[in-house]
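Inspection log for the structure reproduced underneath, given as structure tokens.
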Amino acid sequence: MSATVTRPMTAVPASTVRAATDEPLGVKILLVVVSIAFLALFLLVPLVAVFGEGLRKGLGAYWASLTDPAALAAIKLTLITAGIAVPLNLVFGVAAAWAITKFNFRGKSILITLIDLPFAVSPVISGLIYVLLFGMQGWLGPWLQSHGIQIIFAVPGIVLATIFVTFPFVARELIPLMQAQGNDEEYAALTLGASGWQTFWRVTLPNIKWGVLYGVILCNARAMGEFGAVSVVSGHIRGKTNTVPLHVEILYNEYNFVAAFAVASLLTLLALVTLVIKTIIEARLHQELKQTTETPTGEA
Amino acid sequence: MSIEVKHISKTFGNFTALHDVSLRVNDGELVALLGPSGSGKTTLLRIIAGLEAADANSSSEILFDDSSVTQRPVGQRRVGFVFQHYALFRHMTVFENIAFGLRVRPRALRPSKAEISDRVHQLLKLIQLENLGGRYPSQLSGGQRQRVALARALAVEPKVLLLDEPFGALDAKVRQGLRDWLRKLHDEIHLTSVLVTHDQEEALEVADRIVVMNQGRIEQDGTPEDVFHKPANPFVMEFLGQVNVFQGRVRRGQALLGEMAIEYPNYEADQERDAMVYMRPHELDIKRSRNGVASLAARVVRVNPAGSVAKVNLRSGEGQNIYVDLPLERLQELQLAHGEEVYVYPKNARVFVPDYVI
């Protein structure tokens with residue numbers, strides 16, 4: 001800079017100066033109040049109600065509902081289901097995102113569309129597809145039956161339906177991130193003599209780790225909370241094929257409100273934990289993307 | 001190590017990026033591939049590196065030191081590749097970036113920790129960033145990042161260095177500095193290098209040899225002096241530096257441009273043909289009087305003395321813009337006035353007749 005220009009201040013009284021984007025105070029207050037009232041009515045009150053109903057007959061009854069053998073079995077099944085579905089969809093999601101963003105191949109757009117299918121289809125339909133395929137009257141039913149394999153109304157059906165429904169989460173999260181990051185770092189690693197495997201572990205994965213975690217958290221929340229698709233294939237056998245959401249429904253239909261809300265509060269807790277983790281990861285993810293889009297300056 | 005490519009073609013869908021290109025780069029040479037965007041220069045560089053495969057063709061071949069590497073994957077070609085946007089590993093420190101190529105070697109070939117550290121520090125010294133080994137790429141300026149990228153490429157002791165528009169994303173001053181530094185570095189280590197650029201000034205300044213490319217073909221391959229002063233065709237003439245282009249005619253050993261005649265012994269026939277006459281701004285002079293045949297009458301439109309030469313913009317009688325670079329002393333002598341009528345004298349001109357090229 002060769003010269004610094006000092007601009008004389010214009011003599012406008014400070015109180016009348018207002019940025020063009022500022023709203024009058026009244027409008028601000030109104031908007032904030034409306035938002036908070038809406039949130040309270042539709043989100044906070046139900047949230048409190050879940051815990052309130054569950055604890056209505058005291059902590060003892062609450063605890064008894066959770067430690068009931070049927071409830072424990074449902075919790076165990078939910079954990080098993082998520083424990084299988086989430087890792088599988090993690091591997092699939094990373095592989096699909098890798099394939100879509102790093103390679104050009106025929107049928108790429110079809111693959112992208114297929115990944116979105118579970119989001120587009122009603123979960124009940126997803127469940128019915130499996131009944132149609134593996135059920136007694138289904139295409140593969142007779143063959144499976146003659147080999148003594150049961151999928152529908154059993155744990156494998158529940159796992160399959162959950163995998164189907166939670167298919168898109170990881171891939172959907174990673175594709176835009178990896179597209180933004182481009183392939184240059186991978187190419188650089190290859191020219192430096194790294195193998196494909198080394199490139200993946202040392203270059204690609206560290207770059208997308210927060211995106212992966214974000215996808216996994218959402219995938220897990222949905223896997224544990226899924227109702228529709230699982231309901232169709234489970235058969236609702238208490239203590240055997242009931243997941244937590246299905247168990248809540250059964251209890252509710254039996255007018256056992258305290259137990260229903262007590263078990264439901266578990267899912268609510270899961271939601272709250274998910275939200276907290278999600279918020280933390282989002283900040284990291286934002287940083288990951290910022291580093292990508294930031295244009296380097298030219299000073300030496 | 002010498003590089004030779006033979007009969008390389010490459011198509012992307014309907015677009016032909018390279019048409020049967022052959023090129024040789026001698027051991028220790030620094031060659032610039034120069035051309036506009038879409039000319040195929042980057043594609044050729046990526047094919048040499050092995051990041052891209054040429055179209056399958058029995059006569060196409062890539063040779064390093066006269067032995068074929070066509071089938072060798074990129075990791076085994078031992079090329080150092082520097083990308084336009086640096087492509088530094090963003091989650092690694094500068095130190096780790098430079099060490100990467102050594103760390104991923106198979107255990108038997110991997111240097112010890114101490115050796116790696118020594119080598120990295122040596123390279124940090126070379127790129128003058130000794131104290132920044134612990135920084136992350138996002139904490140560096142563009143010029144620093146590109147130096148790190150270069151050090152990372154050099155760490156694995158490549159046999160050839162391939163640079164893809166390495167200074168393209170930097171501002172003018174940093175670019176000039178890095179250019180000089182790269183040339184100095186090349187003079188010290190004599191690594192066979194290929195530099196892709198669309199900046200003719202960069203190519204002229206840095207390279208031993210310039211290969212001018214356009215639309216997937218090589219237009220000219222020669223020393224900077226040759227391509228600048230003896231351009232093989234109108235494309236090279238127009239691409240390397242500013243040029244005044246006039247539509248003229250040729251007949252009986254002369255090119256005619258309005259009332260101006262220029263010797264053109266290559267065409268002796270009586271029949272007139274259209275021709276293009278090219279004159280560089282620094283090869284023109286301005287005079288007040290008309291004391292010869294070979295001159296063009298023009299009016300002064302604008303004089304810009306801010307620079308190492310004065311840039312004078314004139315308009316001819318036919319309304320064509322003419323650009324003249326005058327030495328500042330000459331401008332002082334002339335004292336040109338706006339709108340004044342003067343005469344433009346070519347000191348040198350090149351005539352290109354379609355199918356007849358000087």
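Letters A, B, ... are given to chains in the order of the sequence lines, protein chains preceding strands, and every chain is numbered from 1.
- Residue B:A87 comes nearest to A:A188 through the heavy atom pair O-CB, 3.9 Å, listed as atom of the first residue, atom of the second, then distance.
- Counting heavy atoms from C-beta outward, A:V203 and B:F100 have side chains that approach closer than 4.5 Å.
- At a cut-off of 3.5 Å, with distance as the only test, a side-chain donor of A:N207 or B:H91 sits close to an acceptor on the other residue.
- Proximity to chain B involves both the backbone and the side chain of A:E185, based on heavy atoms less than 4.5 angstrom apart.
- In this structure, A:N183 CG and B:L51 CG are separated by 10.5 Å, a value rounded to the nearest 0.5 Å.
- Residues of residues 148-165 of chain B lying under 4.5 angstrom from chain A, judged on non-hydrogen atoms, are B:R152, B:A153, B:V156 in numerical order.
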Listing, residues 91-98 of chain A side-chain donor-acceptor contacts under 3.5 Å, not counting sequence neighbours, or none:
none

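- A pairwise comparison of heavy atoms in B:V104 and A:R202 identifies CG1-CD, 3.8 Å as the closest pair.
- How far CD of A:Q181 is from CZ of B:R90: 4.0 Å, rounded to the nearest 0.5 Å.
- Ranked by heavy-atom pairs under 4.5 Å with chain A, the list B:R46, B:R175, B:Q146 is led by B:R46.
- Other residues, nucleotides and ligands place no more than 12 heavy atoms under 6.0 Å from the CZ atom of A:F38.
- Using non-hydrogen atoms only and a strict 4.5 Å limit, no part of residues 107-133 of chain B faces chain A.
- Interface remark: B:F83 contributes side-chain atoms only to the contact with chain A (heavy atom separation under 4.5 Å).
- Sequence neighbours left out, the pairs with a member in residues 69-82 of chain B that pass side-chain hydrogen bond (donor to acceptor under 3.5 Å, both in side chains) are B:S68-B:T70.
- Remark: B:F89 CZ to A:T199 OG1 distance equals 7.5 Å, nearest 0.5 Å.
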